[in-house]
*Asks:* 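If you scroll down you'll find the structure; I have some questions about it.
Computation of the quantities below employed the complete heavy-atom set of this structure, encompassing side-chain atoms and omitting hydrogens, waters and symmetry-equivalent molecules. Chain A is the first sequence line, chain B the second, and so forth, proteins listed ahead of strands; every chain is numbered from 1.
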Amino acid sequence: MPEITRAEVAHLADLARIDLSDTELDHLAPQLVVILEAIASINDVAADDVPPTSHPLPLTNVFRADVVRPSLTAQEALSGAPVEPEQQRFSVPRILGEEA
Amino acid sequence: MTTRTAEKVLSFEEALAGFDPTMGLEVHVELNTVSKMFCGCATGFGAEPNTQVCPVCLGLPGAMPVVNEKAVESAIRIGLALNCRIASWCRFARKNYFYPDMPKNFQTSQYDEPIAFDGWMDVEVDGETVRVEIERAHMEEDTGKSLHVGGATGRIHGADHSLVDYNRAGIPLIEIVTKTIPGTREKAPLVAKAYVAQLRDLLLALGVSDVRMEQGSLRCDVNLSLAPAGSGQLGTRTETKNVNSLRSVERAVRYEIARQAALLQSGVPIVQETRHWHEDTGVTTSGREKSDAEDYRYFPEPDLVPVAPSTEWVDELRASLPEPPRERLARLQREWGFSDLEMRDTVGAGALVLVEETVAAGAAPGAARKWWLSELARRANERGAEVADLGVTPTDVARVQALVDEGRINDKLARQVFDGLLAGEGTPDEVVEGRGLAVVSDEGALSAAVDRAIADNPAVADKIRDGKVAAAGALIGAVMKELGGKADAGQVRELILAKLI
Ligand SMILES: [Zn+2]
């Protein structure tokens with residue numbers, strides 16, 4: 001049975017940029033174990049003749065032709081920006097990491 | 001944090017005496033499709049910020065991506081040209097990370113099912129062939145461009161906020177990853193450069209990308225590790241990003257070898273990390289330490305169905321491939337009548353396509369090679385640039401040679417025409433005109449100059465009269481000097497001989 005530790009939940013929360021308190025971690029970790037166990041019951045019906053799948057639709061090769069369609073205007077694109085745009089660009093908090 | 005203080009390095013020779021380098025190269029190539037990978041936004045370079053964006057490439061809720069067929073076609077053709085196997089079925093995957101260059105908070109990429117895998121490319125270095133094994137070539141999308149505001153240098157450290165333009169986000173990208181390339185020793189920097197140069201030529205021949213390194217449509221990351229010489233081990237590697245010119249590829253490999261060797265020799269272990277290449281100073285500096293940022297939690301992209309190229313489609317694309325590089329080289333050598341050495345020098349100088357285009361523009365192969373490899377390669381070297389980036393075109397070179405062939409300028413004046421071309425003085429004809437470079441073909445003026453040279457050098461003239469034709473060189477020199485080099489030496493010689501014999 002899948003087991004998920006408190007440390008793993010803390011790590012996932014960190015990756016997802018969700019700030020969880022110790023109390024919340026204590027509360028959520030056991031719940032996730034229960035959820036994973038519930039989902040794992042699928043293993044009981046999975047037989048060797050059923051390939052794992054990620055897409056329920058029996059479709060492949062859905063393509064579009066390489067044709068330009070109109071884009072949004074910069075005003076439209078920037079209209080939902082949480083912070084006032086500068087130089088027609090999205091303004092985001094200081095990034096530490098690699099240089100663009 | 002970025003360290004600006006110079007790190008200790010060993011000399012390249014010392015480094016190799018103690019260590020064996022192993023490298024791996026990751027090349028990202030932007031395809032030249034007119035629309036993006038998953039939406040119909042235009043892909044033109046240099047548009048006003050955020051004018052080539054839509055709900056799909058901005059990652060707005062509910063927007064659905066659809067794959068660009070031409071991009072898949074290009075990916076398959078690249079795979080085939082690199083002798084890869086093509087997946088009969090593969091999926092896209094989400095690479096999850098929080099970084100504002102991707103507004104979706106994930107990059108649509110491929111994970112364990114690349115469209116092309118297990119290939120190779122033979123790279124020629126100094127007349128030797130090195131087989132570079134290709135691990136995979138997969139499809140993904142480019143990211144937006146960030147501008148860092150508030151820092152002194154426009155760099156990320158010290159910036160108080162960043163401004164993002166998403167025009168580039170979603171442009172189709174193919175990432176081509178080599179297997180580790182062992183055993184190249186002192187040739188490692190040259191092999192790396194030759195691989196990228198030949199890959200660039202191949203992509204150009206395929207017509208799938210503009211491959212303009214200076215515009216970022218071809219970008220290279222260099223993975224490098226050292227192990228004690230002869231140990232056959234694999235050391236801890238660094239990944240140097242931002243290596244965006246052919247010359248930098250060579251320099252970055254050389255620098256990392258020398259830097260890592262200095263650390264290892266003084267007992268300091270190498271940290272697995274991302275490093276940044278600085279073109280200006282020729283060094284790499286430490287980027288972020290890889291920690292949880294590496295935990296991308298890839299999973300199959302639920303909004304895109306699998307790509308399953310049929311055998312017929314792949315065969316059709318295979319048939320559309322250009323001549324393979326090796327055969328092409330052999331054919332060009334035959335057509336041009338170059339020796340092995342001349343051919344090798346041409347390839348080594350990154351001038352193969354330039355010579356080919358110059359010949360296509362009407363110049364004799366030997367003349368095309370002469371100008372690109374002697375005159376222009378030297379100038380490129382002086383400027384620390386690639387010969388292809390000088391701004392002189394094959395058409396220019398062919399025209400310069402035509403002017404020589406027509407007797408309007410000589411080789412010496414041709415060099416001045418190249419000065420003018422490099423200084424942006426216009427076309428070859430405009431430079432000749434503007435600088436007054438045309439040779440004196442006026443018979444009267446030439447004749448007068450020859451008469452004066454004879455009169456000034458009676459002893460030499462007598463020798464020639466006595467049949468010592470070789471002495472004519474001194475008179476030709478005198479005439480050329482008087483006319484400021486603007487005469488055709490052959491014509492002057494004929495005139496001298498006609499007057500004295
Ligand atoms: Zn778009």
*Asks:* Among B:Leu304, B:Asn105, B:Thr143, who wins on heavy-atom pairs under 4.5 Å with chain A?
*Replies:*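 Sorted descending by pairs with chain A, the first entry is B:Leu304.
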*Asks:* So for A:Val67, is it side chain, backbone, both, or neither that comes closer than 4.5 Å to the heavy atoms of chain B?
*Replies:*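 Only the backbone of A:Val67 comes within 4.5 Å of chain B.
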*Asks:* Side chain, backbone, both or neither: which part of B:Phe38 has an atom under 4.5 Å from a heavy atom of chain A?
*Replies:*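 B:Phe38 touches chain A through backbone heavy atoms alone.
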*Asks:* Heavy-atom pairs under 4.5 Å with chain B are the metric here; pick the option from A:Leu72, A:Leu12, A:Asp66, A:Asn61 that has the most.
*Replies:*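 With the most close heavy-atom pairs to chain B, the winner is A:Asp66.
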*Asks:* Return the option, out of B:Thr43, B:Val66, B:Leu60, with the maximum number of heavy-atom pairs under 4.5 Å with chain A.
*Replies:*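 The answer is B:Val66.
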*Asks:* Between B:Ser35 and A:Arg64, does any side-chain donor sit less than 3.5 Å from a side-chain acceptor?
*Replies:*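 Their side chains do contain a donor-acceptor pair, which is all the 3.5 Å distance test asks for.
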*Asks:* Could you grab the distance from atom CD of A:Glu76 to atom SG of B:Cys54, nearest 0.5 Å is fine?
*Replies:*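 These two atoms lie 11.5 Å from each other.
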*Asks:* Among the options A:Pro70, A:Pro85, A:Ala16, pick out the one with the most heavy-atom pairs lying under 4.5 Å from chain B.
*Replies:*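 Winner by heavy-atom pair count: A:Ala16.
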*Asks:* To the closest 0.5 Å, what do you measure between CZ (A:Phe90) and NE2 (B:His161)?
*Replies:*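 It is 14.0 Å, given to the nearest 0.5 Å.
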*Asks:* So does B:Pro300 get a backbone contact from the side chain of A:His55, meaning a donor-acceptor N/O pair under 3.5 Å?
*Replies:*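 Such a contact is absent between A:His55 side chain and B:Pro300 backbone.
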*Asks:* Is it the case that atom OH in B:Tyr111 sees more than 12 heavy atoms from other parts of the structure closer than 6.0 Å?
*Replies:*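 No, because the 6.0 Å sphere around OH of B:Tyr111 holds 12 heavy atoms or fewer from other groups.
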*Asks:* Which residue out of B:Thr51, B:Val307, B:Val53 racks up the most heavy-atom pairs below 4.5 Å with chain A?
*Replies:*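 Ranked by contacts with chain A, first place is B:Val53.
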*Asks:* Which atoms of A:Ser91 are under 4.5 Å from chain B, going by heavy atoms: the side chain, the backbone, both sets, or neither?
*Replies:*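 A:Ser91 touches chain B through backbone and side-chain heavy atoms alike.
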*Asks:* Tell me, side chain or backbone of B:Cys39 under 4.5 Å from chain A's heavy atoms, or both, or neither?
*Replies:*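 B:Cys39 touches chain A through backbone heavy atoms alone.
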*Asks:* Against chain A, label B:Val72 side chain, backbone, both or neither, depending on which of its atoms sit under 4.5 Å from a heavy atom there.
*Replies:*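 Side chain only.
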